[in-house]
Protein chains: 2
Amino acid sequence: MSTAEETAGGEVLPWGEVTPEAARRLLVAAVEAFAERGYHATTTRDIAGRAGMSPAALYIHYKTKEELLHRISRIGHEKAVDILRTAARTEGTATERLAEAVGSFVRWHAGMRTTARVVQYELDALGPEARAEILALRRQCDAEVRGIIEDGVEAGEFDVPDVPGTTLAALSLCVDVARWFNVQGSRTPDEVGALYADLVLRMVGAG
Amino acid sequence: MSTAEETAGGEVLPWGEVTPEAARRLLVAAVEAFAERGYHATTTRDIAGRAGMSPAALYIHYKTKEELLHRISRIGHEKAVDILRTAARTEGTATERLAEAVGSFVRWHAGMRTTARVVQYELDALGPEARAEILALRRQCDAEVRGIIEDGVEAGEFDVPDVPGTTLAALSLCVDVARWFNVQGSRTPDEVGALYADLVLRMVGAG
DNA sequence: GCCGTGGGTGAGCGGGCGCTTAGAGTGCCC
DNA sequence: GGGCACTCTAAGCGCCCGCTCACCCACGGC
């Protein structure tokens, strides 16, 4: 569990664990730049400039531009696994746990939209071994949600003909929030989380 | 309605309307390259090479690399609108029409995965006026689906507390298929289409 | 006061980028 | 057969990329 800070923009930054200060500033700048323009369209000069440093400073803290993406991606995925695992292991019925999992996962994708975009959509820019590491974390996400749904089916709370397919669809729905969510839009992360929790409960035939 | 061809890879190509031949070959090469590596990571030399031409040949048929993306994006979105409109205007109950819309839309995103990826995920690489044109087509997609759901609510077939939100979620679910669908995977486009049609009907409380 | 160390800078290297230009090959109308 | 329009190529321009290198400076130990 990491400490968190709040920026002027209002996003909570879970980058407290990244030290030293200059390395964290560079990483936050990279998240913003990657989210806005994409990894390949972002230059190292742009990242350094946003962090108020010269282009060369980046290479004191990170070996390559790809290492920056790798670090962002790993920290982000670890946070995602953490959110789902926490929801899966709370007390309560499968219905309550699934609603909590979807709600908190969606709130994260909406509230931390810049980070989530990088984490979910720039995976292909990583090299093979880094990508494999991240994919393992994704499989953990899938396993947590599938576990809740299986519990609900066994308890007779849910009616799900295709558990793996429904798990995939539920996660897909949550992840795609990072693509369309707009901070200037009319919905808050909490509202989207509540709506999506309800929709996923309908998908599994709860209630 | 455009003619369609079939490649060795098995994907149906709706690029019959693009002429002359060389321009179509370049466009198909660009779709493959953009889908694999992303717009910014794709070079004009790569596109020309896949089409069996020299880099300069590209500029006889297209003014810039961005014009290629714009053409791909517009044709793809027009096809998407066409699919949803056709489903929305068939005879039948709202339940049947929504199932057909989701099923055919998903089949397109799965079967034409390379095209769909470019169309759905490279929007930000377009300039402002091109992006505005594409966004107008997206709003048409949204309107077609929302129309079906509203019909179902009025007819008492559906139970939907938040029509715009549920429309957004249904489209989001379909679109995200392009991100995760794998031709080597265990599901066919038809199977995913059927699964998703069922899930969306559950979301709107049909049946 | 001197030095070592580690975070920082300005300048720039090698290379690949999007795109242009001059000219060659090809088919078609007269 | 000659002129022309169209398609395509070889060569390369100017630019900016990721990254490196030689050097600078603030600071803690003695």
Side-chain angles (χ1 to χ4, degrees), chain A residues 15-73 118 122-131, chain B residues 15-73 118 122-131:
Chain A
W15 309 116
E17 68 221 65
V18 180
T19 54
E21 233 281 281
R24 178 168 60 242
R25 259 166 46 218
L26 285 163
L27 194 129
V28 170
V31 169
E32 290 173 5
F34 291 163
E36 269 178 35
R37 316 229 258 262
Y39 175 78
H40 289 294
T42 299
T43 71
T44 54
R45 286 165 175 82
D46 183 26
I47 297 169
R50 283 172 191 252
M53 296 165 128
S54 76
L58 195 152
Y59 294 91
I60 296 164
H61 301 283
Y62 302 96
K63 259 173 58 190
T64 62
K65 179 178 143 182
E66 193 194 318
E67 191 194 325
L68 259 170
L69 177 61
H70 185 194
R71 289 266 259 268
I72 292 167
S73 214
V118 177
E122 302 292 348
L123 183 69
D124 291 344
L126 290 173
E129 72 299 333
R131 182 161 55 237
Chain B
W15 309 116
E17 68 221 63
V18 180
T19 54
E21 233 284 278
R24 179 167 60 243
R25 258 165 46 219
L26 284 164
L27 194 130
V28 170
V31 169
E32 289 172 6
F34 291 163
E36 269 179 34
R37 315 230 261 261
Y39 175 78
H40 289 294
T42 299
T43 71
T44 54
R45 284 163 177 84
D46 182 27
I47 297 169
R50 283 172 190 251
M53 295 164 133
S54 78
L58 196 151
Y59 293 92
I60 295 163
H61 302 284
Y62 302 96
K63 259 174 56 190
T64 62
K65 180 177 144 184
E66 195 195 317
E67 191 194 326
L68 260 170
L69 177 61
H70 184 194
R71 290 267 257 268
I72 292 167
S73 213
V118 177
E122 302 291 349
L123 183 69
D124 291 345
L126 290 172
E129 72 299 335
R131 184 162 53 235

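Below, chains carry the letters A, B, ... as their sequence lines are ordered, and counting in each starts from 1.
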Distance (rounded to the nearest 0.5 Å) between B:L69 CG and B:L126 CG: 4.5 Å
CG on A:L26 to CD1 on A:I47, rounded to 0.5 Å: 8.0 Å
Distances under 3.5 Å only, N/O to N/O: pair up the protein atoms with those of nucleotides 6-8 of chain C.
unit_1	atom_1	unit_2	atom_2	d
C:dG8	OP2	A:H61	NE2	2.8

Side chain to side chain, A:Y39 and A:V118, heavy atoms closer than 4.5 Å: no
Nucleic acid footprint by protein, nucleotides 14-29 of chain C - heavy-atom cut-off 4.0 Å, B for base, S for sugar-phosphate alone: ---BBBBB--------
Contact boundaries on DNA chain D for chain A, cut-off under 4.0 Å to non-hydrogen atoms: D:dC17 to D:dC21
Salt bridge (Lys or Arg N to Asp or Glu O under 4.0 Å) pairs, two or more places apart, involving residues 52-67 of chain A: A:E67-A:R71
Salt bridge (Lys or Arg N to Asp or Glu O under 4.0 Å) partners of residues 33-49 of chain B, not counting sequence neighbours, each pair once: B:E36-B:R50, B:R37-B:D46, B:D46-B:R50
Any residue meeting side chain to side chain contact (heavy atoms under 4.5 Å, CB included) with B:H40, in chain and number order, not counting sequence neighbours: A:H40, A:A41, B:A125
Side chain to side chain contact (heavy atoms under 4.5 Å, CB included) evaluation trace for B:R131 with B:L123: CA-CA 7 Å; B:R131 184 162 53 235; B:L123 183 69; 4.0 Å; yes
B:A48 to B:S54 - nearest heavy-atom pair and separation: CB-O, 3.4 Å
Exercise: identify the closest heavy-atom pair between A:G38 and A:E122: CA-OE2, 3.3 Å
B:Y62 side chain to B:A23 backbone, donor-acceptor under 3.5 Å: yes
